[in-house]
Amino acid sequence: MNDHLNNEQLSAALLAEANASVAAHLATCKECRRELESIRTALAAVRAETLALGERPAGFWREQRLAIAARLPAGNELETRPLAWAASLSMVALVAALLVQSVPSIQLQVRPTPASSGVSVSADSDHELLVDIARFTRRDVPRALEPATLIAQELHRAAGRKSDR
Amino acid sequence: METALTSMAVAPRAAGRTRAVSGLRAEDFDETVRQNQGRIFRFLMSLLRDADTADTLTQECFLRAYRKRASFRGDASISTWLTRIAINLAADHRKNRRNTFWSRLFGRNHAEDSEAAVLAVADAQPSAERALIAGEQYAAVRAVVDELPPRQKAVFLLRFVDEMSIQEIAQATGLETGTVKSHLHRALSAVRQKASLRSTT
């Protein structure tokens with residue numbers, strides 16, 4: 001038989017995916033069988049070599065397990081989750097505390113206008129409070145950090161003056 | 001010797017491929033390491049050709065598995081899941097080869113490893129001629145395999161060294177089964193064309 005198996009067909013045979021015609025050809029063609037056997041032998045050599053490369057004494061595996069154990073986190077997941085929750089709750093509490101501190105200072109700025117009186121005072125003060133909150137949220141710097149910002153700006157200006165000289 | 005890791009040991013499971021389970025429990029971790037460390041190390045060794053790196057990445061593989069054990073759903077076997085982690089680590093390692101110079105300078109000579117392996121293969125053969133041919137074939141095929149693109153190389157090694165099924169390789173690499181087959185066909189074609197193989201029969 002002159003038409004021997006091509007690469008694709010030989011690969012299919014190696015991957016045990018050969019169809020009936022490839023199988024029939026292999027049954028009759030000694031050359032293709034030899035070719036297939038040659039590749040199989042080479043692949044077996046690679047496998048044997050790779051397995052040999054991975055061989056290590058028992059002590060190596062023991063040391064590897066020890067190294068892994070040494071690097072394992074001290075606590076398991078069940079122990080670390082409450083810690084994560086505690087950290088999250090602390091953050092929420094901190095934010096809440098900052099807000100509580102900020103709200104009275106906003107309220108202190110609400111001054112009843114001369115025209116406002118009675119029920120309308122409450123409505124106006126609500127409106128002013130909302131406006132103040134809007135201003136507060138639009139601030140570049142939180143109120144608590146304003147002094148620090150002013151100091152930083154002053155230092156920056158001073159540095160600029162020095163460099164101008 | 002009892003260690004923090006071994007003290008977590010529970011009833012041993014069947015050897016070989018670890019069965020698929022839903023979730024990897026911390027108390028099973030020691031057994032998982034024992035059953036898979038040799039296979040993961042060997043795979044990384046064959047992929048990277050560096051014993052020290054393979055050792056480091058094997059450890060990293062199990063540490064990552066431990067950290068992410070909650071995400072293991074049991075869709076694939078644990079060994080396949082670990083292989084996937086190992087492949088990702090090897091890919092990361094390839095991307096960051098800043099230590100190549102130092103590993104070449106101080107690391108073990110790859111040629112020595114390969115030579116020792118060929119001798120080990122040769123020792124197992126009854127005939128000197130067969131051993132010689134096996135050694136030649138190994139060298140020829142290995143040279144071709146080392147030049148394969150990384151993903152193709154990983155697929156080739158998983159198939160012909162780890163003897164994984166196409167489906168398992170697809171799960172380990174995240175590729176479609178058709179893509180895995182395509183990689184294998186191309187790799188085999190390269191091996192056949194570039195390595196001048198001689199029949200031992």
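Lettering of chains follows the sequences in order, A, B, ..., and the numbering in each one begins at 1.
Both the backbone and the side chain of B:Phe160 come within contact range of chain A, with heavy atoms under 4.5 Å apart. With a 4.5 angstrom heavy-atom cutoff, A:Glu17 touches chain B only via side-chain atoms. Looking at A:Leu51, the atoms closer than 4.5 Å to chain B (heavy atoms on both sides) sit in the backbone and in the side chain alike. Contact of B:Phe156 with chain A is made through the side chain alone, with heavy-atom distances under 4.5 Å. Looking at B:Arg186, neither its backbone nor its side chain comes within 4.5 Å of chain A, counting heavy atoms on both sides.
For the pair B:Arg69 and B:Phe72, the cation-pi test (distance below 6.0 Å, angle within 45°) is failed.
Not counting sequence neighbours, B:Ser46 has no partner by the side-chain hydrogen bond (donor to acceptor under 3.5 Å, both in side chains) test. Considering only residues two or more places apart in sequence or on other chains, B:Thr56 meets the side-chain hydrogen bond (donor to acceptor under 3.5 Å, both in side chains) condition with none of them.
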Check against side-chain hydrogen bond (donor to acceptor under 3.5 Å, both in side chains), B:Arg192 and A:Ser11: CA-CA 9 Å; B:Arg192 185 171 170 249; A:Ser11 298; over 6 Å; no
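In this pair, A:His4 and A:His25 present their aromatic rings perpendicular. The plane angle is above 60°, beyond the 30 to 60° band.
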